[in-house]
Amino acid sequence: MRIRRSTIRDHHAETALFGRRVVVSLVIVVAVFGVLLSNMYQLQVTQHQSFQTRSNDNRIKVVPLAPNRGIIYDREGRILAENRPVLSLELIPERVKDLGGTLARLADLLGINTEQLLRFERNRQRERRFEQVILLDQLNQEQAAIFAARQHEFPGVSIEARLVRHYPYGETLTHAMGYVAKINQRDAQRLKEQGVNANYAATRTIGKLGVEAYYEEQLHGTVGYQQVEVDIHGRSLRTLAIEPPIPGQDLVLEIDIALQQKAQEILGESRGSIIVMDPRDGALLAMISQPSYDPNWFAQGISVAQYRGLLNSNHSPLLNRATQGGYPPASTIKPQLAIVGLEEGIITTDTQIWDPGWFQIKGIDHRYRDWLSWGHGWVDVDRAIVESCDTFYYDLALNLGIDTISEHMVGYGFGQLTGIDIGEESSAVMPSRGWKRARFNQPWYAGETVSIGIGQSYWTVTPMQLAVATAVVVNRGKRPVPRFLRAIRDAGIELPAVHEQRDPVQLNNPENWSVALNAMEDVVSSIKGTARTAFKGATYTSGGKTGTAQVRSIGQDEEYDAETTAEKYRDNAMYVGYAPADAPEMVVIITAENVVGGGGSVAAPMARKLMDFYFQDDTVVGEHAP
């Protein structure tokens, strides 16, 4: 048996191999550490700012802050629109695991009804999942206390304090003030197109109608921001920085709320409108449109039932009758027509016609009746205005022609927007041959011109246009632009509103103004004046003109009886007036729809009550001077 010999180890070779391995390993280790150090340098030095920003984005939340909406005051400093603090129950859908179950438990706990849940669902569909959605607009104290005690059971649901718009005078000012309501998709699109959507990042409501909408830019203010440190659940830990919002500017209106309330009281349950305007500068002291509605319904979230009731009402409460209602002007425009006749030389102050109680176009059998069936006898221009003789104006209109009448009346503002500082306004209709051809593709007939002479036929006006046209007469040509704004308050400084004027009406013979004004004064003071009874015993001087507008045509042999006529077919009673007569500081326009009686028996007494209130004590309405 052979014995194996042990191989002698080569220590030098092994040492060399080990050395080579150590060097390779060291190179690898150095390379790895080099890569690690390089990455650490990149992360902590080169890209430090980028990762710091991303870290802050996860830790810091930028929250927009809504500005406080500007307060609106009347001319005496009484608040017409304010912001009131309320508590709302709000929910972030993304943070609620079982939304349906949470809503059901909250409904049982707080008495949330089906309509409120449906409204929440509609709002939730419009919002992103991580944004707060209002579940209950205004929590009462009991609801707030109940939820606060069990808030830990409802992650993602919280009570938030916010401000809501409030109108202390409710429906008294709706058609002048307008209202704010929740921003909808159409509003959001409009704000985006205007490039101001970022300024509404935290705003929930926007002006929808009236002064609130017209002066939205001034009232809204500028959005603010705060940086808030949050935890992994998104809960706020502390505020890091804040840029406070800039509140909206306050507005002072020409409205006198005491006069406004009196006008509402005088109009009562009648449908119609009342306007009180200072003819010197267009300041609107009062503007009522009845029926009305409570603007707080919209500001606080109107229910489906409430909105449906407004839309379906036969009395059209959403219509602003003062600026959008189109009425035949009836006899209220006879002073302006008289001036046109004098300017065109169709009549003079000495012109007289015989009124047998009717008017007839030569060659036509139809008779156009005067309101006084036995006629007024011999009538000149003064008596035609004082006694409101229809026959005189039938003849005058026919001789003037529709195009001449239309051309002159446009100068008084008929058929045009008045420029009032609210968006809800109609231009109504000032007809002409061209208008009828374009509208109906029909010729104009002489009989239609006859009816135009007493403010009927196709001619319609808004009460606000009547206010401007009356102001033109009492101002002897000057045509003011009606306005609600008196001043803007900004940082304690009151900036007066601009008093705009349109192109004046200039007469060839300025004395023709006096002819109309003297006759309008006789309307309320002469023994045969149509408003004499209403203004008997007044302690101030005034002038005016009554009007009774037919709602439907009356047949040739038919007699009108308001008592037996269906309400919707009854006449409208109208009155335009001003006072004091020598230096007018107020123009009053009364429109009462479908009443028993006419301008002299219904509308003129309303104007008398309003003027009595205005002049009874300067402390009630404030200084009358602008």
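Of all heavy-atom pairs between Ala467 and Met277, the closest is O-CE, 3.6 Å. Of all heavy-atom pairs spanning Met586 and Pro279, the tightest one is N-CD, 3.6 Å. When all heavy atoms of Ser426 and Gln465 are compared, the closest pair comes out as O-NE2, 4.1 Å. Nearest heavy atom pair, residue Leu319 against residue Ser289, reads O-OG, 3.4 Å. Residues Ser88 and Leu139 share a closest heavy-atom pair of C-CD1, 4.1 Å. Ala428 approaches Val461 most closely through the heavy-atom pair CB-CA, 3.8 Å.
Checking side-chain atoms of Glu424 against main-chain N and O of Thr323 turns up no donor-acceptor pair under 3.5 Å. The closest donor-acceptor contact from the side chain of Ser292 to the backbone of Glu171 lies under 3.5 Å. Checked by atom type and distance alone, the side chain of Asp250 pairs as donor or acceptor with a backbone atom of Ile71 at under 3.5 Å. Judged by distance alone, the side chain of Asn83 and the main-chain N or O of Arg69 form a donor-acceptor pair under 3.5 Å. Remark: side-chain polar atoms of Gln260 are paired, donor with acceptor, to backbone N or O of Met287 under 3.5 angstrom. Without hydrogens or angle criteria, Thr102 side chain to Asp98 main chain gives a donor-acceptor distance under 3.5 Å. Using modelled atom types, one side-chain atom of Asn296 and one backbone atom of Tyr167 make a donor-acceptor pair closer than 3.5 Å. With Arg479 contributing its side chain and Gly411 its backbone, the two residues share a donor-acceptor pair below 3.5 Å. With hydrogens and angles ignored, the 3.5 Å screen pairs a side-chain donor or acceptor of Asp187 with a backbone N or O of Asn184. Of the possible donor and acceptor atoms, none in the side chain of Asp74 sits under 3.5 Å from a partner among the backbone N and O of Asp256.
In this structure, the separation between OG1 on Thr172 and CD on Gln290 is 8.0 Å, given to the nearest 0.5 Å. One finds the CD1 atom of Ile488 at 10.0 Å from the CD atom of Glu494 (value rounded to the nearest 0.5 Å). Taken to the nearest 0.5 Å, the OH atom of Tyr200 stands 4.5 Å off from the NE2 atom of His220. Rounded to the nearest 0.5 angstrom, Tyr327 OH and Thr591 OG1 are separated by 6.0 Å. How far CG of Asp421 is from CG of Leu485: 6.0 Å, rounded to the nearest 0.5 Å. Between atom CD of residue Gln249 and atom CD1 of residue Ile493 there is a gap of 11.0 Å, rounded to the nearest 0.5 Å.
Using a 4.5 Å cut-off on side-chain heavy atoms (C-beta onward), Leu310 and Trp297 make contact. Residues Leu65 and Ile242 are in side-chain contact: their nearest non-hydrogen atoms beyond the backbone lie under 4.5 Å apart. Here the side chains of Pro295 and Met177 are not in contact, with every heavy-atom distance at 4.5 Å or above. Counting only heavy atoms from C-beta outward, the side chains of Thr222 and Asn199 approach each other to under 4.5 Å. Side-chain contact between Gln143 and Leu87 is absent, with no heavy-atom pair separated by less than 4.5 Å. Annotation: side chain of Leu466 is not in contact with side chain of Ile275 (no heavy-atom distance under 4.5 Å). Counting only heavy atoms from C-beta outward, the side chains of His166 and Gln300 approach each other to under 4.5 Å. You'll find the side chain of Arg280 stays beyond 4.5 Å of the side chain of Pro480, heavy atoms only.
The aromatic rings of Phe298 and Tyr179 sit parallel to each other, their planes meeting at less than 30°, with 60° as the upper class boundary.
Other residues, nucleotides and ligands place no more than 12 heavy atoms under 6.0 Å from the CG atom of Asp503. Heavy-atom contacts from other residues, nucleotides or ligands closer than 6.0 Å to CD of Gln194 number more than 12. Counting non-hydrogen atoms of neighbouring residues, nucleotides and ligands closer than 6.0 angstrom, the CD atom of Glu217 reaches no more than 12 such neighbours.
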side-chain hydrogen bond (donor to acceptor under 3.5 Å, both in side chains) assessment of Thr418 paired with Glu425: CA-CA 8 Å; Thr418 65; Glu425 184 179 18; 2.5 Å; yes

Verdict with reasoning, Val211 to Ile422, per side chain to side chain contact (heavy atoms under 4.5 Å, CB included): CA-CA 6 Å; Val211 169; Ile422 59 175; 4.2 Å; yes

From CA spacing to verdict: side chain to side chain contact (heavy atoms under 4.5 Å, CB included), Asn320, Leu209: CA-CA 10 Å; Asn320 186 342; Leu209 292 176; over 6 Å; no

Derivation of the side chain to side chain contact (heavy atoms under 4.5 Å, CB included) call for Phe120 and Ile112: CA-CA 11 Å; Phe120 165 79; Ile112 303 174; over 6 Å; no

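Because its NZ or CZ atom is not both nearer than 6.0 Å to the ring centre of Tyr169 and within 45° of the ring axis, Arg78 does not count as a cation-pi partner of that residue.
Ion pairing of Arg483 with Glu500 is absent here, as no side-chain N (NZ or NE/NH1/NH2) approaches a carboxylate O to less than 4.0 Å. Between Arg204 and Glu90 there is a salt bridge, with a side-chain nitrogen of the basic residue lying less than 4.0 Å from a carboxylate oxygen of the acidic one. For Glu193 and Arg190, the salt-bridge test fails: no basic side-chain N is under 4.0 Å from an acidic carboxylate O.
The only member of Ile255, Leu173, Leu219 that meets side-chain contact (heavy atoms from CB on, under 4.5 Å) when paired with Ile72 is Leu219.
Residues forming a ring-ring contact (aromatic ring centres under 6.0 Å, His included) with Phe484 (at least two apart in sequence, or on another chain): none.
Screening residues 305-321 for salt bridge (Lys or Arg N to Asp or Glu O under 4.0 Å), with sequence neighbours left out, gives Arg321-Glu593.
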